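Please read the structure below before turning to the comments.
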Amino acid sequence: MIALALAGLRARRGRTLLAAAGVLAASLVVGTAATVGYGLATGFERAADQADLPDLIARFDDEPVATLDKRVSALPNLAARSYRFERTGIPLSANGHHTHRGALQLVLGGRRGYEVLEGRDLSGRPGEVVVEQGLAREWDLHVGDAFRSGDRVRRIVGIASSPDNVAFPLAGAARYYAADDEHDAPANIALLWLNDPAKADVTLTQARSVSFGIGRLEFVTREGVRVLLSQAAGIVISLLVAFSLVALVAAGTMLAAGAAADVQRRLGSFGVQRALGFSPARIAAQQAVEAAVIAVPAAAAGIALGTLAVAAPAGRLLAALNERPPGWALAGPLALALVVVVAIVVAAATWPAWRAARRPPAQILRGGDLADAPSHSARGGLAALGARFATAARGRWLAAVATIGVCASVVTLMLALASLLERLKDDPGTVGKRYQLTAQLPPSSAGAVRDIPGVADVGTRYVVDAADSFRLDKPFRLVAYPGDHTRFEGPPLASGRRLRGPGEVEVGLALADALGLSPGSPLAVQLPDGGEVRFRVAGVVRALENNGRIAWARPDALLRETRGLTPLIAVRLDGGADRAAVERALEDLGAPPQPVGGSTTRNAQFLGVLAAVLRGVGLAVGLVCLYALMQGLATTARERRGAVALLRACGGDGETVALVLLGAAAAVALPGAVIGVVLEVTVLGPLVARLAAGFASLPIAPGLGQVLLVVVGLLALAALATWFVARRVLREPVVLGLREE
């Protein structure tokens, strides 16, 4: 059977290469999507394990190590501990670069909590320093380079990564490690490793009880670190992972449609085999072997090329988050992707062959997939003639339209996603914020701000990073406004109602899921200074800020329990307000205003890496579109070579043939574009939004300009495919086609 399959493929070299090209093009999408999706979905856990990230990180005012260790060593569930002393705002310079945002962490013994990527770790000798990988990459630093911090010149002995924060410059501070700056230095950071991380809340509860006298104590868990990293990158990582999943599903649809179309082209040979006595099972089995012989090398090559295409930008994206690329761990998912691709191709080729071969041989030989054209179909011009050529084989035409439709939907989704990222970066309304500026002014200045021309409303906004009193490992953000907070922030309700009094709270859906909250549930809030306030949940909202781990309340209880809570003045502008004039007026009041952004980083380099990842996936999908159009045109030209030759014999020139083929391509591209846009709006957009952030409302819908761009792009690909196929057709002697006619 394998020998027959190889012989048949050699006899049909052109179709074999075309089918292999289709599998390779779809596998490109699989390779890019699998590489991006798997790398981002597993990057944090991989980096945390390799760096030995602690289960708890505590920050506090300076304390002597000996005094601190007496309390920490008594904590339950504690496996190991180490301490650091951090100083910030240190001027740094190296290799022609400088910054005043250096963050020195003195390592005071014990486990490190970071991974050395190049060089070695600190030995304790004077003048040694280990720099964070983002700083080394941004400044082009290497092991052995000189490094000035403050008034000291050190030597870099290692480059390290720690996933407890994103890398410089995405992080505000340039972090580095040393071990010799100060003798008997105090500690203000404690790294805690637990015997059972699932019981972190028990350790946190005990730590709170023994922390009397330690000022400004704050805890961050591994889960909290994950949330902080997500905040730094906004929602984009989840969006890219969801987009990759959708691209994988789309690639499977393309493979199935392409294999089914190839079976439709071979109906004639199936009829001959049935007439010679081949059973339907034998024909289906032979088709399965041929499909596997084509699919295995083509899919392997496509997945490998797709992986190589996005490996570099995906690696840079992970490095910006201080996460590690999967390396050889990616081999498993890619091997699984190869098996799935081959299985889809074989199944999609075998089932239609089985169904076709069960029909009577005479019916198969008549070309069962060709539809009879109506008598009035001679009218309509050359382009209409080409469209009728394309739609005559209805099964193949539907498969081609389905392939183009899925490709178009993925490209439309990518454009809508890029637009959403821009809005998330610049438009506060995307995350439910209705104010545009904030200013560090006392509440008594609200009246003066309200009198500024162009200001529509002014509110006092209090923000506290808190935790649930019974689940201290679940941090969240508490926002408080006097009065109606929906004047400034109004995310849509998922259940319940808006809060009406000082004892009520609205919680984000992600926070409600994490803590098991619903309307009517109590919420006990542990404040940073150790105080506690209690609320009753009035409603659950779909909030995107802080990854949905956020709550809104009135500030009465916070002001009673928290000392020195400093508010911000939130400023909502009129529709036609002169923003620059309002900003100048706020500066005159003594507070430079801060613009309100969305939920993604404003780091241009990071956003550029994201764009490169999206371009890699989009290029692979575009190649699939081009292949599908060329495949359909080549098959149509082959089947209708007699009619095309007759046109040429009657005086038709290259333009005539091109118009016929362009009509055939447009008959696939235009309905495919319409289906693609509808599919994105009704299925893919909501699906990606739900996968990325089921706790929020993400408007992933294309604009009119993006829809037109997809349609024009598909028509351009149709024109390109027409040019390629027309050149091939015109090189063929007219007499060969007339013999078939």
Side-chain angles (χ1 to χ4, degrees), residues 1-34 247-248 250-270 283-309 334-335 337-353 396 399-400 402-404 406-407 619-639 668 717 720-721 724-725 727-728:
M1 203 172 271
I2 294 177
L4 284 176
L6 293 175
L9 294 176
R10 283 195 299 269
R12 303 186 305 273
R13 287 189 177 90
R15 291 187 182 181
T16 299
L17 291 176
L18 196 61
V23 176
L24 186 144
S27 299
L28 273 172
V29 180
V30 175
T32 55
L248 287 172
T253 305
M254 301 169 201
L255 288 168
D262 184 67
V263 170
Q264 292 292 326
R265 287 196 301 268
R266 298 191 56 199
L267 285 179
S269 64
F270 292 164
I283 293 175
Q286 188 70 35
Q287 183 69 12
V289 172
E290 292 186 10
V293 170
I294 294 174
V296 171
I303 290 174
L305 290 174
T307 299
L308 291 175
L334 292 181
L338 175 62
V339 172
V340 171
V341 167
V342 173
I344 290 174
V345 173
V346 171
T350 304
W351 174 246
R396 193 181 324 128
T403 302
I404 296 298
V406 172
C407 290
L619 177 62
V621 175
L623 289 176
V624 174
C625 288
L626 180 60
Y627 158 77
L629 289 168
M630 291 185 63
Q631 179 196 49
L633 279 180
T635 303
T636 300
R638 177 69 182 175
E639 288 181 341
V668 175
L717 288 177
L720 181 61
F724 275 113
V725 176
R727 286 187 60 195
R728 179 180 176 183

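All values derive from a computational prediction rather than experimental measurement. In what follows, every heavy atom counts, from backbone to side chain, and hydrogens, waters and symmetry copies are set aside.
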(message) Please give me the minimum heavy-atom distance between T350 and A284, naming the atom from each residue.
(response)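 Nearest heavy atoms, T350 then A284: CG2-O, 3.7 Å.
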(request) For G306 and T32, work out which heavy atoms get closest and say how close. (result) O-CG2, 3.2 Å
(message) To the nearest 0.5 Å, what is the distance between CD1 on I303 and CG on L308?
(response)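 The distance works out to 12.0 Å.
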(request) Find the distance between CG (L305) and CG (L24) and round it off to the nearest 0.5 Å. (result)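 Between L305 CG and L24 CG, I get 6.0 Å after rounding to 0.5 Å.
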(request) Applying side chain to side chain contact (heavy atoms under 4.5 Å, CB included) between I344 and each of V340, V342, V341, report the one that passes. (result) V340
(message) side chain to side chain contact (heavy atoms under 4.5 Å, CB included) for L334 and T307? Distances and angles first, verdict last.
(response) CA-CA 9 Å; L334 292 181; T307 299; 3.6 Å; yes
Under 3.5 Å, which donor-acceptor pairs do the side chains of residues 291-301 form with other protein atoms, sequence neighbours left out?
none

